[in-house]
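Let me begin by presenting the structure, written as structure tokens, before commenting on it.
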Amino acid sequence: MNRRKFASNLSLATLSGLLGTRIVFANKAPNGYLPIALQDPDPFALFNKDKRMVVLNDKPWNIEAKAHLLNDKVTPNKYMFIRNNGRIPDTIDAKSWTLVIDGESVKNQKTYTLRELKAKFKHYTYQLTLECGGNGRSEFNPPAKGNQWTVGAVSCANWTGVRLRDILADVGVKNDAMYVGYHAADTHLSGDPNKEPISRGVPIAKAQQEETLLAFQMNGEDIPIAHGSPLRLVCGGWPASASGKWISRLSVRNKVHDGAKMGGSSYRVPCETVAPGSKVAEDDMCIIESMPVKSLITYPKSGALIKLDKSLLINGHAWAGELEVHNVEYSIDFGSSWSTCTLEKPINRLAWQHFKAVINFPKKGYYEVWARATDSKGISQPMVLPGWNPKGYLNNACHRIAVKVV
Ligand SMILES: Nc1nc2c(c(=O)[nH]1)N[C@H]1C(S)=C(S)[C@@H](COP(=O)(O)O)O[C@H]1N2
Ligand SMILES: [Mo]
């Protein structure tokens with residue numbers, strides 16, 4: 001964050017947003033004054049995050065959770081990862097915010113104010129899993145450039161908003177509509193106003209799913225600035241890069257959207273498996289759509305000490321992109337044998353599912369508990385790293401925790 005720009009461009013009202021609370025005497029502060037809480041930004045205070053969250057990058061801000069922080073059934077803001085490709089917008093003014101719907105395949109281009117959107121269309125709330133396509137990247141070899149996410153770039157919060165399909169019906173969509181691309185208010189790290197940090201999208205069928213929202217609330221409150229206030233797309237089950245934050249324009253395209261980070265190796269993987277480290281031709285790369293089946297043990301924390309005469313309850317979540325998770329198993333013998341966990345149904349489509357199991361260990365010593373989920377098509381997580389790809393996406397290897405029985 002460039003402090004001088006910050007101070008000169010921002011109203012104290014906006015700074016209040018970043019602080020997560022109102023500056024009580026904002027009207028008394030000198031013009032252009034930068035509150036000390038923002039002078040040396042403490043990301044945990046700035047974004048209301050738990051201090052145990054891990055900052056991977058501060059330009060732009062990228063912050064992840066640890067497995068044991070994600071134990072809640074619905075992820076609270078303080079444990080939600082933050083992933084930014086550019087600079088968080090300088091000014092968010094919900095009152096004057098507008099959403100433009102345009103593109104080759106729109107019948108009537110329209111501009112809505114936030115208030116119109118909220119008043120005109122029915123509101124829906126869904127619990128939706130958002131996982132960064134690069135979650136798990138840190139394990140790839142040869143290493144992939146980018147934020148070295150371990151396991152914590154996933155969340156499942158409650159999102160409230162209007163259905164994108166209702167808006168699309170209101171503007172009218174032509175028969176040749178193929179994709180809906182987003183444009184947002186964040187700015188490119190280079191400072192070049194003509195460059196977008198990211199402008200991705202989804203095929204029209206995904207855009208028209210019931211659960212695809214243009215959301216204005218997260219967990220029952222206005223969306224925090226870092227997570228896309230005042231308006232964000234939420235496309236559960238897909239790489240979270242499809243869920244654009246700070247949405248100001250949606251374009252209904254008659255071709256695959258060609259915005260920033262839609263091509264090359266961005267959010268694309270080799271269509272067929274390749275040898276690690278290979279160069280892959282542009283035409284042989286495919287856009288990531290539904291995320292693969294995955295699970296996370298969120299209790300206990302890795303490294304837990306257990307008494308031999310006590311059984312251990314493990315908890316976690318599993319998700320499978322567009323699909324449902326069919327079952328979750330655990331192993332305490334490095335995958336030689338597996339036992340079934342109790343698995344809950346999702347609260348709605350595209351929400352993660354909770355699993356638990358009670359484990360009895362045969363004798364004292366070191367163990368690892370591994371979890372493995374299988375989706376409704378019978379596809380299971382790999383025990384170790386899946387197919388290598390240039391940017392290190394889609395690592396859905398089994399999660400493991402260490403347990404010492406004493
Ligand atoms: N406008 C905009 N939207 C964005 C991004 C971004 O940089 N700018 N990052 C995307 C990526 S890559 C991810 S993983 C998710 C992260 O959402 P979160 O920060 O709310 O967890 O936002 C997506 N939407
Ligand atoms: Mo991402």
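Index from 1, following the sequence. Order of appearance sets the numbers: ligands from 1, and atoms from 1 within every ligand.
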One thing to verify: whether Arg349 and Glu210 come together as a salt bridge, which I'm taking to mean a side-chain N less than 4.0 angstrom from a carboxylate O.
no
Charged N to carboxylate O under 4.0 angstrom, Lys120 versus Asp166?
no
Which atoms from ligand 1 have a heavy atom of [X] less than 4.0 Å away?
| X | result |
| --- | --- |
| Cys132 | 14 (S) |
| Ala184 | 1 (N) |
| Ser243 | 22 (O), 23 (C), 24 (N) |
| Ile82 | 19 (O) |
| His227 | 18 (P), 19 (O), 20 (O), 21 (O) |
| Tyr267 | 12 (S) |
| Ile198 | 2 (C), 5 (C), 6 (C), 7 (O), 8 (N) |
| Gly244 | 3 (N), 24 (N) |

Per salt bridge (charged side-chain N to carboxylate O under 4.0 Å, His left out), Asp170 is matched among Arg165, Lys122, Lys110 by Lys110
Ring of [Y], cation from [X] - is the NZ or CZ under 6.0 Å from the centre and inside 45° of the axis?
| X | Y | value |
| --- | --- | --- |
| Lys404 | Tyr367 | no |
| Arg232 | Trp246 | no |
| Arg163 | Tyr124 | yes |

Greater than 12 external heavy atoms within 6.0 Å of Ile306's CD1
yes
Would one find more than 12 heavy atoms of other residues, nucleotides or ligands at under 6.0 Å from atom NE2 of His326?
no
Shortest non-hydrogen contact from Arg200 toward Ala242
NH1-N, 3.9 Å
Do you know the tightest heavy-atom contact between Ser290 and Gly321?
OG-CA, 3.4 Å
Do [X] and ligand 1 have an N or O pair less than 3.5 Å apart?
| X | value |
| --- | --- |
| Phe81 | yes |
| Trp246 | no |
| Asn84 | no |
| Arg83 | yes |

Would you mind checking which non-hydrogen protein atom is closest to [atom], with the distance to 0.1 Å?
| atom | value |
| --- | --- |
| atom 1 (N) of ligand 1 | Lys245 O, 3.0 Å |
| atom 8 (N) of ligand 1 | Asp186 OD2, 2.6 Å |
| atom 5 (C) of ligand 1 | Asn85 ND2, 3.7 Å |
| atom 22 (O) of ligand 1 | Arg232 NH2, 3.4 Å |
| atom 15 (C) of ligand 1 | Ala240 O, 3.5 Å |

If we set the cut-off at 4.0 Å for heavy atoms, which region of Trp149 has an atom near ligand 1: side chain, backbone, both, or neither?
neither
Backbone, side chain, both or neither: what part of Ser241 comes under 4.0 angstrom of ligand 1, heavy atoms only?
both
Are His123 and Phe216 an aromatic pair, judged by ring center distance below 6.0 Å?
yes
So for Glu131, does at least one of its heavy atoms come nearer than 4.0 angstrom to any atom of ligand 1?
no
Any non-hydrogen side-chain atom of Ile204 less than 4.5 Å from a side-chain atom of Leu168?
yes
